[in-house]
Structure formats: structure tokens, C-alpha cells
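This report refers to the structure that appears directly beneath it.
Every chain is numbered from 1, with letters handed out A, B, ... down the list of sequences.
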6 protein chains.
Amino acid sequence: MKKRAVYPGSFDPITNGHVDIIQRGLKIFDELVIAVLKNPKKDTLFSSDERVDMIRTIFKETPGVSVTAFHGLLTDFARKNEANVVIRGLRAISDFEYEFQMALMNRKLHPEMETFFLMPNLKYSFLSSNLVKEVFSLRGCLEGLVPAQVETRLRDKFPHKTGLAVKD
Amino acid sequence: MKKRAVYPGSFDPITNGHVDIIQRGLKIFDELVIAVLKNPKKDTLFSSDERVDMIRTIFKETPGVSVTAFHGLLTDFARKNEANVVIRGLRAISDFEYEFQMALMNRKLHPEMETFFLMPNLKYSFLSSNLVKEVFSLRGCLEGLVPAQVETRLRDKFPHKTGLAVKD
Amino acid sequence: MKKRAVYPGSFDPITNGHVDIIQRGLKIFDELVIAVLKNPKKDTLFSSDERVDMIRTIFKETPGVSVTAFHGLLTDFARKNEANVVIRGLRAISDFEYEFQMALMNRKLHPEMETFFLMPNLKYSFLSSNLVKEVFSLRGCLEGLVPAQVETRLRDKFPHKTGLAVKD
Amino acid sequence: MKKRAVYPGSFDPITNGHVDIIQRGLKIFDELVIAVLKNPKKDTLFSSDERVDMIRTIFKETPGVSVTAFHGLLTDFARKNEANVVIRGLRAISDFEYEFQMALMNRKLHPEMETFFLMPNLKYSFLSSNLVKEVFSLRGCLEGLVPAQVETRLRDKFPHKTGLAVKD
Amino acid sequence: MKKRAVYPGSFDPITNGHVDIIQRGLKIFDELVIAVLKNPKKDTLFSSDERVDMIRTIFKETPGVSVTAFHGLLTDFARKNEANVVIRGLRAISDFEYEFQMALMNRKLHPEMETFFLMPNLKYSFLSSNLVKEVFSLRGCLEGLVPAQVETRLRDKFPHKTGLAVKD
Amino acid sequence: MKKRAVYPGSFDPITNGHVDIIQRGLKIFDELVIAVLKNPKKDTLFSSDERVDMIRTIFKETPGVSVTAFHGLLTDFARKNEANVVIRGLRAISDFEYEFQMALMNRKLHPEMETFFLMPNLKYSFLSSNLVKEVFSLRGCLEGLVPAQVETRLRDKFPHKTGLAVKD
């Protein structure tokens, strides 16, 4: 039987850290459903259609990867997609507690669904979509941080942008 | 002499984790003053009156529990209520650092006031008011997460709501 | 050769914890450039001019301290100021992970720049600009938390202010 | 193709937390090789033969589970067993950093091997073999903490034992 | 009714951090039973009799404090002493996870017993009995770290001692 | 004036992570005194003479680096060497709390001495002398983990060694 897992996220935009997790997940799972969260409340840089499109382009040659936008409970999405595993990256420098909280709530809502945590490559351990957006908005170099297509899209869509927050 | 403690929070809405902490606190303290924060800046789902009312309903048969809305410094509230103890739940999966920071600032503002930390039941260790609101907004089941009255109020007040943020 | 380091932050407003880090940094570095972040996106209490001015007043008698507003990448600012060291305070009760993430991203953007972490005095380990603003807004005493000039400015600028968020 | 993973540990003795992780792992992997560390340096309560035997007894009716003692590098063991996945439990209250350190070293030694982290049931989040031994040595009740066979073995082997360390 | 709590530990030796926790505990509890762990397995610097004696001397004028050596399960000790509360200090820089693990195991063994966590004064947040012993063994000054009696006892018992471990 | 810092540790043996910290430290400090702890209590693989000798060999061409064995309080050593700065590496995956505890105790013993924390290269963030010894003892490849000289010394001194502890 084919093993299928869901990899949920905002992917706004997808980073090399996400790509790395997908590639690691494919060692174990025959099919990965990349679930792109449509979030009406959260302000995203790219629309869910754009985010789905970018990820599809990146993995268009990779068998076993499908990309879908979703809205609602992740547990409902997993049920509908007949997947009882969710994978999540766990960065060495990361919101461990947030991930555990979500995984435990999901277990409460859907006890048969399991969350598997994978470590991305160390070199992506500081990487997040938010940090990518901040560096981009300050005209920093994104090389090695996002796939080439993502950088192109960012430059196309936002010829100039500003505003990096340094916590005080 | 009667021992009195203050249990402050937003309680927007009160969860079973909060209820559990209150019950544990009552083993030690003769009187618990539930202090419901009126926060003009923070957007709450329920008004402070509604939040006070829900908690009062839940504990109307429990001697020793009183519920009050408050605004201002917690240390001033504690002084006015002649309580020199604050209790706070500390979840295994929790913002430990936030709690310590607040407790230390409160100690600076009111050196005689002591903060006592209690662990809720493990089964509530992933629970927060925010997570409850998110699950509710996505039409997830709240059974076991909040008192029945709270679920009823949520369904009455918000026939349909959307928008769960998954951190990317 | 003179050793120069950059100390970046929002400083909205500068606290005694920041002052303490600056004084510790001056034991090692001959020159400290206090880099005040102009952040168009983040809502600050004081304008960057006001923040620069407050810090200059505090250190006007301290040789080796200069204060500059900046916008853009910290790494670009450091290059322009011919400094290859950034110092950051690391509080015992602190966002360790945030600091590491920023430092690693900065290392990616500018491999020759080094981030040095210093511990402030323990008595400031719970202190942050945000907490200062919250206490002030609730009319709490700021003694020992900020330099006298900062308290004066706060009282001058905001005769009355409200709204402290207690996380639930 | 069958998916095989290795679950390494000292299992001195196996606890209900370990059993829980094995059961969760079997949702994904067709075969789990329980790798019982023979550790000449570390003082174990049960010999590796005894530990292997206990685990075999517990899973004798569970298809897909095999139990082997091993010595040496885990990465060599995984290679020899043609498994490129290791699973490890990650408790909410746990040595996260130790697990990450080991997983990263293993990735250095064997880049194709992946470590997957699973969360045990919350009710086992405080459980460890060491704590089981300590509670047993102080004649505490082990019900719910270890499989029945393990408790029997402990009582058979050690009619009376003492010495629980409380950190000061 | 009198409120009684147990404060367990090795107290080898008692530090000013422990003394601080006892004084804070006495604001809430009418009686504190200091439970000095007799640990046959763990190598202590002072015998349990010496440790009990030191603490008794320090608190001989403090009403409500009693000191007892104990061996076995803390939960059994608490039952025998008719106390259903345990207090533990939680240092800002501390083994939070260890404390939670112990508290959760104790809750499993004795569901009616509650653990309350108190923060010591910030100035003791780095202090532990082990660190005191290490500093002493290297002839460092113990002023402000332990009660005067403890320093005297250390100097009487160990005219010269060596061996501080710096982790590499 | 020349800036001098002390870099203390057991260095049993020195790893590439230590070497990396030394190189980063040399960007700021004109002189680094590598202080090799002679620890009569702690069982080391290499004698302090051997450890000093290995480090001297590695840095024999690097101006500004001196290597000394020391015993006693680090603060006394720093005073004697006229250095008022200690540097320590802080790994992303690291005993942050241990480092803070030691730094705070050192500040208590010698208020003028400052501890500066530096991040090693991410690729060394999981590396420690203990892990190196464990991998070596299990005949694992040390390439990239320690300087070539260290690997040679290990192989010369210990033709075969066993015993890696996996925490259960």
C-alpha cells in the first residue's frame, strides 16, 4: 500500500528549508500532499493560488508530490485526503513548543492522525518565510535561502519593499 | 486567617485548563479572586462583562470563588483585594519565560506579592484560549476543552466564524 | 587599532538593561555605534529622532559612544560604519532563539561580521522596552527600569495612556 | 517495497512510553527493528539479553516487530539492517537538545539516514526508564508506567532495592 | 485549619536560595516541613544528620518550620505528615524540565498532592548546592551564597578541598 | 592597548568547534589565552599536558594565541593573566543554562570580568568533546569534527576503545 503524508504550511513563500523537508519526507512516504493554508485572517504576501503555483513549479518533475490549497481544520483535510500522517520540520532553532501544541491539539481532534517531525539541514535551521520576507524587503541577497523561482517572483511582484523589524 | 489569592487572566474564553487551575488553587486558598482583565487595547472575542458572567456561572456553586473584572496594574488590584498571592498555571508546553518575566516585574512593583505556579492536568497542557478560538472558528469539536456553557455561548454568539493561522 | 562594535535595537525607549549592555560593551570596544532602527512598519512610541536624541543625552559624557538612526540591513549598516562586530544583550529570561536566528541570518548575509552576546545585570533580566511601556501605560512606577530622562519624556509626551495585555 | 525503521534505545527497562512509540511507528513502517543497546560502560539494571527478551515477549503477537541487541554505531547498525530511518520519541518534557545533537551527529556519519521524531501519548510525557527504576526502588506503584511483564521481572529480580535521587 | 507544606531537597548544603524559598513559602503556609533526603546512593558532602542540624540551627527562631530527614517516596512522606502540598523553587535559570517531570510523577503516585512552584530572588537564580561546593573546593568566597553557619561548617569540616568541573 | 581574553575549557580533546571559536575570538581580541582546565576530579582522556600540547601544535603559527593549563577558580586565573574578558562558545543546540549559571557565578566572584558568548559555525552546533570521544570509541569517522592532529593522537593513544551511551 502507498504511504501518504500531508505537509501543511503557509509557504508564504516556500523556502529552501521547506524544500529540504519535502525531499526528506519523500524518502519514507510514496506521496506527499503539500497543503497550502488559505488563511483569510492572516495577511499573506502571496495569494494561496500563487503559493500553490510556485510549489507546483518547483516540484513539477518530482513524482509523488501534489499541492493543494486548503482551508479549515488540518485534521479534516487529512481525513479527506486519506492520509493519517502529517510531517512538520523541526528546526534546531525553532518554535518547538508551538509545534507540540498544534500536534497535541490535532491528536485530540483526530486521534488516529500522527505527526512526524523531521530536522531540516542544519544550514536551514535559522530560516523561515518571515525572515526571507524581511531580508527581501531590505534588499538583502536571498541566494541559498529560497528556490530561484521564488526569488524571481518576489522581484517581479515587489520591485521595492521595506520594513524589517528588529525586536528590541 | 483566611488565605486569599488572585488568579488573573483574559479568560477569553475560560478553558478547562483554567478551571483545573482554579480547582487546584482551592485546595490551598480559602478564597480565590478570579481577576478578568479588561483590556481596551486587545481585541477580545467576549466583552469583560460576558467573560465575568461565564466564569460566575461555572463557579456559582463553588464557595470561595469570586469573579471581578479589572483594569490597571495587577499589583494594584491585589493590594486593593488584600491578597498577596497570585497564582498562575504553568503548562508543560508553555510560555515559561513570559510567566517569569511578568512575575519578576510584578515582584519589582510589589515586593510583598508572591506568584505561585501550578501545573494543570497534563491533558490540558496544550490548551489555550487562543487555540480554542481557532478550533471553534474552523468548526472543530470543543468537547473536553471548555466547559459546556462556554461552548454554548460560542455557538450562540458566533454562528459561523473562520480563520486559523498555522505558522509557516 | 580602535575596536568598534555596533549595538542595534529599536530602543523604544532605551531601558536600564540597554544602558547596562552599553557599559559592559565599552570595557572591550573603544567605540560603540548605537544603531537605532527606523522601522516604517513597526509602530513605535517615540520617533527615531526622539529615540536617538534620548540616547545621545544619556551618553553625552561617555567617550566612544555614538548614536545613529538606520534603516535597511544591519549588515549593510555595519559595513558602512567599518564595524565587523555586533553586540546583543542576552537576558537569562530571553528570546534566545530569536537572537540566534537573527545572528545566523546576519552571518549568512555578511560572513565576516561577528555577533557577541553579553549578559545584562541579573536585575534587568526581566526588562524589555515593551514591558516598560506597559507598566507606564498602567501608571506603574518606572524607577530603576529606565534612565530618569526617559521617564521624564514618557510623562511629558503621554500624560495618560492605557492598555496592558496579560496573555491568557 | 516494505518500509523499515530502527528504534534504538537502552530500554532498561522498556516503559509504556516506549511501547506507545512502537505502536505509533507501526502505523507508518511495515517493520520496526527495536535495537537494544549493549553498553559495556553504562551500568544497566537488566542485561541486554534480559532487555531483548522482555521486549520480545511484549511484542510476540505484533507482526513487523523484531528485537536485536546491538553494539557500536547506530548508523552501522542501520546500514546492516537495510533501514534508512531511525525513530525516536520526543516527549513534551524531554531532552530535546540531546535528541537533536545525536540526530545531527548521526546525519554527519550517515547522511542518507533520517531521524523521525514521534510524540508519545501525553500521559507518558514525564516517563523515563530511570524514573521507573527510581520509583520501583522506593517501592512505589508502577501501574500504568510499564507493561505488566516488566513489573513482574522487576519484582522477581529485585525483591528490595533503594535509592531515589532528588536533585537539590 | 493550619496549612502545611513539605519542602523536599538534598540541601547538601542549604543555600541562600533555599532559605529564600522557605521564607516565601511561610507567607502562605502556616507550617513548612523541610524534608531532607537521606540518599544512600548519592554521595553527599554532609550526612543527613548534619544537614538536618544545619537547617534547624538556621530556622530555630522561625515559628512554623520543622526539619526531618526522610527516605523513600516523597508522596509517602507527605501523606504521613498530613501535607498535601509540596513547594519547590523554580529558578529563572533552572532545570524546569526536571521539576515538571518529578511533579508529574508525584501527581501520578499521589493525585491529591499538589506541587507549588515559587521563584527565588533573582540574585539566587544561578545558585545551587553543587555550585556552592565547587566554589568552596576552589577556595572561592561564599559570601552571600550560603548562611554564615554553612560556611563555617564547610571550613571546619574540609580544611582544603579541590576539583571544579568546567564542562567542555 | 592590547585586548586580551581567556578561553577556558577542558578541551578533552579540542574539537573543530573550539578551533572555530578561537578564530572568531581573534577577530576582536589581540591575545587569547586558552586555559586548559586541570581537573583532578574529572576523568579526562588526555592529561592536561597532552591537551595543552595538542592545542599549542594546532595554533603554533597563529599570533596572539597562548595555551596554559590551570587549576582553581577561573576568575583568579583571569586576574593573574590580566584579562577581564572570558569568551565561551554558545551552540545553537547547547547547554545555554549551564553557561549562564557559570557566567553569573563568575560575575559574583569577579564583578569586573565579563563573559562574551560567540556562536560557532552552524556545522559545529552539535559537536562536543564527549560526542567526539563516543564516536571515536565506536570506530566512527572523525573527519571534519576534530583537527587532523587530534585524530592522530586519538588513534595513537587508543588503538581500540568501546562504549557509547545512548540515553534511553
Item to check | side-chain contact (heavy atoms from CB on, under 4.5 Å) assessment of E/Ser128 paired with F/Gln101 | outcome: CA-CA 9 Å; E/Ser128 73; F/Gln101 193 183 26; 3.8 Å; yes

Checklist entry - Quick check: does any side chain N or O of F/Lys108 sit under 3.5 Å from a backbone N or O of E/Phe126, one acting as donor and the other as acceptor? => result no

Next on the checklist: Run F/Met105 and E/Val135 through side-chain contact (heavy atoms from CB on, under 4.5 Å) and show every step you take.
Outcome noted: CA-CA 9 Å; F/Met105 179 55 97; E/Val135 168; 3.8 Å; yes

Item to check | Flag if over 12 foreign heavy atoms under 6.0 Å of NZ, F/Lys157 | outcome: yes

Next on the checklist: Surrounding NZ of F/Lys27 (heavy atoms of other residues, nucleotides or ligands, distance under 6.0 Å), is the total greater than 12?
Outcome noted: yes

Item to check | Side-chain touch F/His71/E/Leu138, heavy atoms, less than 4.5 angstrom | outcome: yes

Checklist entry - Quick one: CG on E/Leu145 to CG on F/Leu109, what's the gap to the nearest 0.5 Å? => result 7.0 Å

Checklist entry - If you measure from CD on E/Glu134 to CE on F/Met102, what distance do you get to the nearest 0.5 Å? => result 6.5 Å

